[in-house]
Amino acid sequence: MKPEENSEPKPEQKPASNISRRSFLHKSFAAGGALAFPLVVPGRVLGLDGAVAPNSKIILGAIGIQGRGSQVLGAMLNEPGVQFVAICDIQRKQREAIKNMADKHNNNKDCATYRDLRELLARPDIDAVLIATGDRWHSMGSIMAARAGKDVYTEKPVGTCASEVQAVDDTVRRYGRVFQVGTQRRSISNFQTAVNIAQSGKLGKIHTLHAGIVRPGGGRQWLPEQPQPPKEEVDWDLWLGPAPWRPYNAGYVAGGWRGHDDFDSGFGVNEWGSHTVDLCQWANDADNTTPVEYWTEPEKIVCRYANGVKLVLDFLRDPFGDRSPQYITAMGTCPVRYVGDEGWVETGDSGNIEVSSPALKAELLSLKRAGAGTDPNTHTSNFFQCVRSRALTNANSRTMRYSHLTCHAAAIAWKLNRKLTFDPAKEQFVNDNEANRMLSRPTREPWKI
């Protein structure tokens, strides 16, 4: 079964590390079974051309799971026909916590643990992986997994810079893998309804899209150096991965990496915008392009598409308290608003939908209140359905590419504090070398895209 989005012949797939699969398997079984794999028939054995057969189990592994990753994995564990068999994490305590979670769910002791993702990705029985590391590993982990023949569900933002986002999409398409980014609002009913209203013509011609984001921030300061723990407890070198080296501090590993530019893709624009800008792209039927102009105004970043539609990234005063401007006070987190010549619609994580037209209000009375915008269940189900069918997911690598490029371009305009022009076809700024240099970052050896 050939992937729908890729007509290019698939290259020979090589191991994701310098450990060959044959030697790795041999050493694992020779070690008395300590790393021996569960006797599970992989889905691809019963499928065609990399697809998982409809009635076979999907064999799942995960990389870097805590916090949000645990919520997503919990949804995946309850998915019919999915068997979770392996966890990789640089922290011993997290490996053991997820193993206990999986073994309790599976009623056995079979979940394998790994410190190095290359060992997990070398397993030929694994069909798909969940990647929920910090931002610095999302792109590299996704690329390595795709090259190893795995389908990928990764948390967002996918890349710390534009070039990483491009590389993920290029690799996923080249290797014919199913890919879902964790922008789960594309699979939640109130956000789907708002987009349908915007695209239906009932608001007239759409002229402005509003995406709520947190005010951008960040910095390059270092936390104080602390004694580095044993590698089996916390593998600091692997935690850093492709990010620049700096001395160990337990605060980074505990989640304090946010706000540090070397590790963070940009909490304000790229973290929140990966959701809300993505929804605005969808409402504008712009999943295969980006705005062409970007500039800053007080408490907002404004973008303009080639069709004249404006995208406004509104800075929220407090993502968990008061809202600004007033029109998003009742919408909860990740608010969006679509405005046309004849009316508007807005929604957010509250599940509420507000519209300007009495006629539309009457239509909405028949809709049930949606669940929380953070609920991953429908999104993970969509991923596994597509693993079986090889169809495009709701948040596939192509839509991710352009929504993330939009976020990165907007963030660069904010940092430089000047108007920028962007060419969506060439995916670079026009006549601005400084801005174009900010589209990529160097990576630390040996982690090269």
Side-chain angles (χ1 to χ4, degrees), residues 16 38 40 42-44 52 57-91 94-103 105-106 110-123 125-159 168 171-172 177-184 186-187 238 241 274 374-388 393-397 400:
V40 177
R44 63 175 57 87
V52 175
K57 284 187 177 296
I58 296 171
I59 308 305
L60 178 69
I63 301 168
I65 305 299
Q66 58 182 307
R68 175 61 178 174
S70 298
Q71 296 175 344
V72 177
L73 179 58
M76 290 182 167
L77 288 176
N78 292 320
E79 188 71 23
V82 174
Q83 184 169 352
F84 181 67
V85 299
I87 173 63
C88 173
D89 200 286
I90 60 95
Q91 297 185 81
Q94 284 305 120
R95 295 194 294 271
E96 293 177 350
I98 299 303
K99 173 178 171 57
N100 290 338
M101 174 182 173
D103 287 347
H105 177 84
N106 295 330
D110 293 343
C111 181
T113 61
Y114 302 96
R115 177 172 49 82
D116 191 324
L117 77 167
R118 289 168 292 192
E119 295 180 347
L120 184 147
L121 294 176
R123 286 184 53 159
D125 63 322
I126 292 179
D127 299 304
V129 292
L130 164 64
I131 300 173
T133 60
D135 295 2
R136 70 206 172 280
W137 263 112
H138 289 165
S139 60
M140 184 65 69
S142 296
I143 288 168
M144 292 173 66
R147 288 173 178 167
K150 316 304 182 188
D151 296 327
V152 180
Y153 184 114
T154 188
E155 271 304 314
K156 32 54 63 183
V158 172
V168 169
T171 305
V172 165
R177 307 321 307 167
V178 171
F179 178 90
Q180 181 92 296
V181 62
T183 49
Q184 71 282 343
R186 283 212 178 215
S187 300
L238 270 178
S274 62
T374 57
D375 185 353
N377 283 278
T378 53
H379 206 52
T380 56
S381 291
N382 173 253
F383 171 65
F384 290 120
Q385 290 165 7
C386 294
V387 169
R388 296 185 184 282
T393 60
N394 288 345
N396 58 76
S397 67
M400 177 279 298

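The structure displayed is predicted, hence computed values, not measured ones. Heads up: numbering here begins at 1 and tracks the sequence.
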Excluding sequence neighbours, so at least two apart, what forms ring pair (Phe, Tyr, Trp, His ring centres under 6.0 Å) with Y153? H379, F383
Using the side chain to side chain contact (heavy atoms under 4.5 Å, CB included) definition, which of the options D125, I59, I58 pairs with Q83? I59
Between S70 and I98, what is the shortest heavy-atom contact and its length? OG-CD1, 4.0 Å
Taking only residues two or more places apart in sequence, or in another chain, which ones meet R115 in a salt bridge (charged side-chain N to carboxylate O under 4.0 Å, His left out)? E232, D235
Set of residues satisfying salt bridge (charged side-chain N to carboxylate O under 4.0 Å, His left out) with respect to R186, sequence neighbours excluded: D278, D287
How would you list, by chain and number, every residue that makes a side chain to side chain donor-acceptor pair (under 3.5 Å) with D116, sequence neighbours excluded? R118
Apply side chain to side chain contact (heavy atoms under 4.5 Å, CB included) to T171 and list each qualifying residue two or more places apart in sequence or on a separate chain. I143, A146, R147, Y175
Which pairs, with at least one residue in residues 137-146 and sequence neighbours excluded, count as a side-chain hydrogen bond (donor to acceptor under 3.5 Å, both in side chains)? S139-E164
Residues at least two apart in sequence or cross-chain that pass side chain to side chain donor-acceptor pair (under 3.5 Å) with D103, listed by chain then number, are K99
Could you tell me which non-hydrogen atom of S381 sits nearest to which non-hydrogen atom of E79, and how far apart they are? OG-OE1, 2.9 Å
Qualifying residues under side chain to side chain contact (heavy atoms under 4.5 Å, CB included), relative to N377, sequence neighbours excluded: A75, D375
What residues, two or more places apart in sequence or in another chain, satisfy side chain to side chain contact (heavy atoms under 4.5 Å, CB included) together with Q91? Q66, D89, K93, Q94, V234, V253
Once side chain to side chain contact (heavy atoms under 4.5 Å, CB included) is applied, do any residues pair with A102, and if so which ones, sequence neighbours excluded? F84, N106, C111
Polar contact flag, side-chain donor to acceptor under 3.5 angstrom, S187-N394: yes
By side chain to side chain donor-acceptor pair (under 3.5 Å), E155 pairs with (sequence neighbours left out) none
Looking at every non-hydrogen atom in both residues, tell me the closest pair between V181 and K156 and how far apart they are. CG2-CB, 3.7 Å
Qualifying residues under side chain to side chain donor-acceptor pair (under 3.5 Å), relative to E96, sequence neighbours excluded: none
